[in-house]
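Step one of this worksheet: look at the structure below.
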Number of protein chains: 2
Amino acid sequence: MEHNISKHISGRFNEELENVRNHVLSMGGLVEQQLNLALEAIAENDADKARKVSETDYRVNAMEVQIDEECTRIIAKRQPAASDLRLVVAIAKTIADLERIGDEAERIGKVALDSFTKDQQDLLVNLENMGRQVSKMLHDVLDSFARMDARRAFEVHKEDVKIDREYEALTRQIMTYMMEDPRSIPKIMDLIWSVRSLERIGDRCQNIAEYVIYFVNGKDIRHTSQEDIEKSL
Amino acid sequence: MEHNISKHISGRFNEELENVRNHVLSMGGLVEQQLNLALEAIAENDADKARKVSETDYRVNAMEVQIDEECTRIIAKRQPAASDLRLVVAIAKTIADLERIGDEAERIGKVALDSFTKDQQDLLVNLENMGRQVSKMLHDVLDSFARMDARRAFEVHKEDVKIDREYEALTRQIMTYMMEDPRSIPKIMDLIWSVRSLERIGDRCQNIAEYVIYFVNGKDIRHTSQEDIEKSL
């Protein structure tokens with residue numbers, strides 16, 4: 001009888017953990033959608049889409065608060081240990097980064113509210129390219145989270161170097177443009193902020209990859225070199 | 001007898017909570033010191049000080065990882081509930097923001113590695129002014145954390161509007177400067193990044209204020225208007 005009860009409790013506990021995991025995946029899906037909509041807004045110079053990103057951000061925020069509450073409730077009620085606790089911790093950290101990625105998407109979308117000359121379109125095309133890479137990185141890290149696949153998470157972790165290189169190159173290109181056409185500076189600064197936002201999203205994807213590896217390996221690998229991470233896998 | 005044991009256990013638990021709280025205050029002190037050193041480096045154009053900030057950042061990172069482990073250990077071993085659990089959650093979130101403030105301080109310090117013309121010194125002076133305000137905000141929010149004083153935390157929360165206004169004004173001023181002297185753009189961009197970093201530190205101080213209010217009130221007030229926060233106090 002007691003065994004049954006404990007099985008029952010643990011069954012419900014697993015259900016709760018499964019629910020909260022699913023909520024994170026929904027939140028991740030929404031944030032991915034927000035980033036892609038912001039990039040579309042820029043590519044199509046569509047102010048309505050940019051406004052839509054901005055209007056939808058409250059949903060991302062609400063999801064973070066709700067999932068955070070679920071995590072605290074699970075810790076208080078279920079007193080999880082070992083890998084269950086690591087899962088809750090990894091989730092609580094992941095949603096904080098997802099929420100900030102949502103904020104960055106909103107900022108990026110705002111570029112679509114400006115209008116650019118034919119000349120400046122070249123810069124936009126490069127921004128879009130970088131955006132696509134970052135969007136893929138976000139997709140891949142959410143995938144590694146869904147499967148709790150540390151190897152896959154590590155692959156994403158390594159991709160961030162490429163994003164950083166892209167960021168350096170594009171920032172240099174934009175600065176050169178500003179030097180050649182100083183009157184364009186205020187508008188072009190919005191572009192630079194977007195490039196920076198994309199770079200930050202890359203960093204946050206790297207954070208999420210670290211939480212997945214922490215959950216699977218039981219080791220906190222933040223501030224650890226990639227060689228050492230690889231050894232630990 | 002049983003009562004004594006439970007009292008003993010709870011006594012040790014309180015000691016552990018007290019310890020972890022003290023560690024957060026030490027980490028906060030170090031981060032404050034890093035920010036102030038970075039600002040001094042700029043004011044005195046002292047590259048050594050800037051390098052010192054950069055070299056010390058690993059200690060901030062190490063403290064975050066250590067305190068994070070303490071938090072997870074406390075949750076697993078002590079199964080805290082109610083306000084104890086809220087304290088642990090507030091701590092875990094606070095140290096994440098402190099670590100990022102440390103990163104921003106490192107970025108800000110790098111401005112001291114450039115040399116500026118007499119003309120550009122005016123921009124630096126304004127950066128230093130803004131830096132002082134942000135440093136005070138960090139000091140005040142750490143103070144509200146030390147006392148777990150929600151009212152004081154709310155005062156800091158409201159200060160961020162001023163920082164944001166300062167940020168807007170200074171960014172506009174720097175852009176005007178770049179338009180007048182386009183050759184200076186690459187160097188001046190470093191200044192703009194620093195201004196942005198200061199603005200971000202303001203946001204993070206606001207986050208920490210929200211965790212203090214969450215701990216005291218038991219209510220998550222992120223994404224809540226300041227009028228509603230005030231009502232809840």
Side-chain angles (χ1 to χ4, degrees), chain A residues 57-66 68-69 71-82 84-86 88-90 92-93 96-97 99-100 103 171-172 174-190 192-193 196 200 203 207 214 218-224, chain B residues 57-66 68-69 71-82 84-86 88-90 92-93 96-97 99-100 103 171-172 174-190 192-193 196 200 203 207 214 218-224:
Chain A
D57 186 54
Y58 84 95
R59 278 183 55 207
V60 176
N61 298 345
M63 279 169 121
E64 188 204 5
V65 171
Q66 184 219 320
D68 224 6
E69 276 168 12
C71 288
T72 317
R73 215 182 312 126
I74 286 177
I75 289 175
K77 249 177 63 186
R78 303 296 181 186
Q79 303 165 346
D84 289 338
L85 179 55
R86 286 208 307 279
V88 177
V89 171
K93 287 179 190 280
D97 279 294
E99 193 267 332
R100 305 284 157 79
D103 289 344
T171 306
R172 258 197 312 273
I174 295 176
M175 284 200 286
T176 309
Y177 187 92
M178 290 199 292
M179 289 164 83
E180 284 164 6
D181 180 12
R183 283 162 314 152
S184 71
I185 287 177
K187 194 165 39 173
I188 297 297
M189 278 305 294
D190 285 341
I192 277 217
W193 295 133
R196 179 77 151 197
R200 286 296 163 89
D203 288 348
N207 292 346
Y214 159 77
K219 255 184 79 178
D220 192 335
I221 49 114
R222 286 175 298 179
H223 319 298
T224 308
Chain B
D57 186 54
Y58 84 96
R59 279 184 52 207
V60 177
N61 298 344
M63 280 170 120
E64 187 204 5
V65 170
Q66 184 218 319
D68 224 6
E69 275 169 12
C71 288
T72 317
R73 216 182 313 125
I74 287 178
I75 290 176
K77 249 177 63 186
R78 302 295 180 184
Q79 304 166 343
D84 289 339
L85 178 55
R86 285 207 309 277
V88 177
V89 170
K93 287 178 191 279
D97 279 293
E99 191 267 333
R100 306 282 159 78
D103 289 346
T171 307
R172 257 196 312 271
I174 296 176
M175 284 200 286
T176 308
Y177 187 93
M178 290 199 293
M179 289 164 83
E180 284 164 6
D181 181 11
R183 282 160 316 153
S184 70
I185 286 176
K187 192 165 39 169
I188 297 297
M189 278 305 295
D190 285 342
I192 277 216
W193 296 133
R196 179 77 154 198
R200 286 295 164 90
D203 288 348
N207 292 345
Y214 159 76
K219 255 185 81 180
D220 191 335
I221 50 113
R222 286 174 299 181
H223 319 299
T224 306

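Chain identifiers are assigned alphabetically (A, B, ...) following the order of the sequence lines, protein sequences preceding nucleic acid strands; residue numbering begins at 1 within each chain.
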Original post:
Between A:Arg78 and A:Asp84, does a side chain to side chain contact (heavy atoms under 4.5 Å, CB included) hold up when you go through it step by step?
Top reply: CA-CA 10 Å; A:Arg78 303 296 181 186; A:Asp84 289 338; over 6 Å; no
Which atoms of [X] are under 4.5 Å from chain B, going by heavy atoms: the side chain, the backbone, both sets, or neither?
X	result
A:Arg100	side chain
A:Lys93	side chain
A:Asp68	side chain
A:Asn61	both
A:Met189	side chain
A:Asp57	neither

Original post:
Quick one: does B:Ser184's side chain have a donor or acceptor within less than 3.5 Å of a partner on B:Pro182's backbone?
Top reply: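 Not confirmed, B:Ser184 side chain does not pair with B:Pro182 backbone.
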Subject >> A:Thr176 side-chain N/O to A:Ile174 backbone N/O, donor-acceptor pair under 3.5 Å >> reply: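 Looks like no, no N/O pair under 3.5 Å.
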Original post:
Given the options B:Arg196, B:Arg183, B:Met178, which has more heavy-atom pairs under 4.5 Å with chain A than any of the others?
Top reply: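 When all of B:Arg196, B:Arg183, B:Met178 are compared, B:Arg196 has the most.
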**OP:** Mind ranking B:Asp220, B:Val89, B:Asp181 by heavy-atom pairs under 4.5 Å with chain A and telling me who comes out on top?
**Re:**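 Heavy-atom pair counts peak at B:Asp220.
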**OP:** Would you please name every residue forming a side chain to side chain donor-acceptor pair (under 3.5 Å) with B:Glu69, sequence neighbours left out?
**Re:**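 Partners of B:Glu69 under the side chain to side chain donor-acceptor pair (under 3.5 Å) test: none.
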Original post:
Going through the checks in order, is the salt bridge (Lys or Arg N to Asp or Glu O under 4.0 Å) test met by A:Glu99 and B:Arg222?
Top reply: CA-CA 11 Å; A:Glu99 193 267 332; B:Arg222 286 174 299 181; over 6 Å; no
**OP:** With sequence neighbours left out, write down each residue that passes side chain to side chain contact (heavy atoms under 4.5 Å, CB included) with A:Arg86, or none if nothing qualifies.
**Re:**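 Listed in chain order: A:Ser83, A:Tyr214, A:Phe215.
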Subject >> Side chain, backbone, both or neither of B:Arg172 within contact of chain A (heavy atoms, under 4.5 Å) >> reply: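 It is neither, since no heavy atom gets under 4.5 Å.
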Subject >> Any A:Ile192 side-chain heavy atom under 4.5 Å of B:Ile192 side chain >> reply: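 When only atoms from C-beta onward are counted, B:Ile192 and A:Ile192 do not touch, as no gap falls below 4.5 Å.
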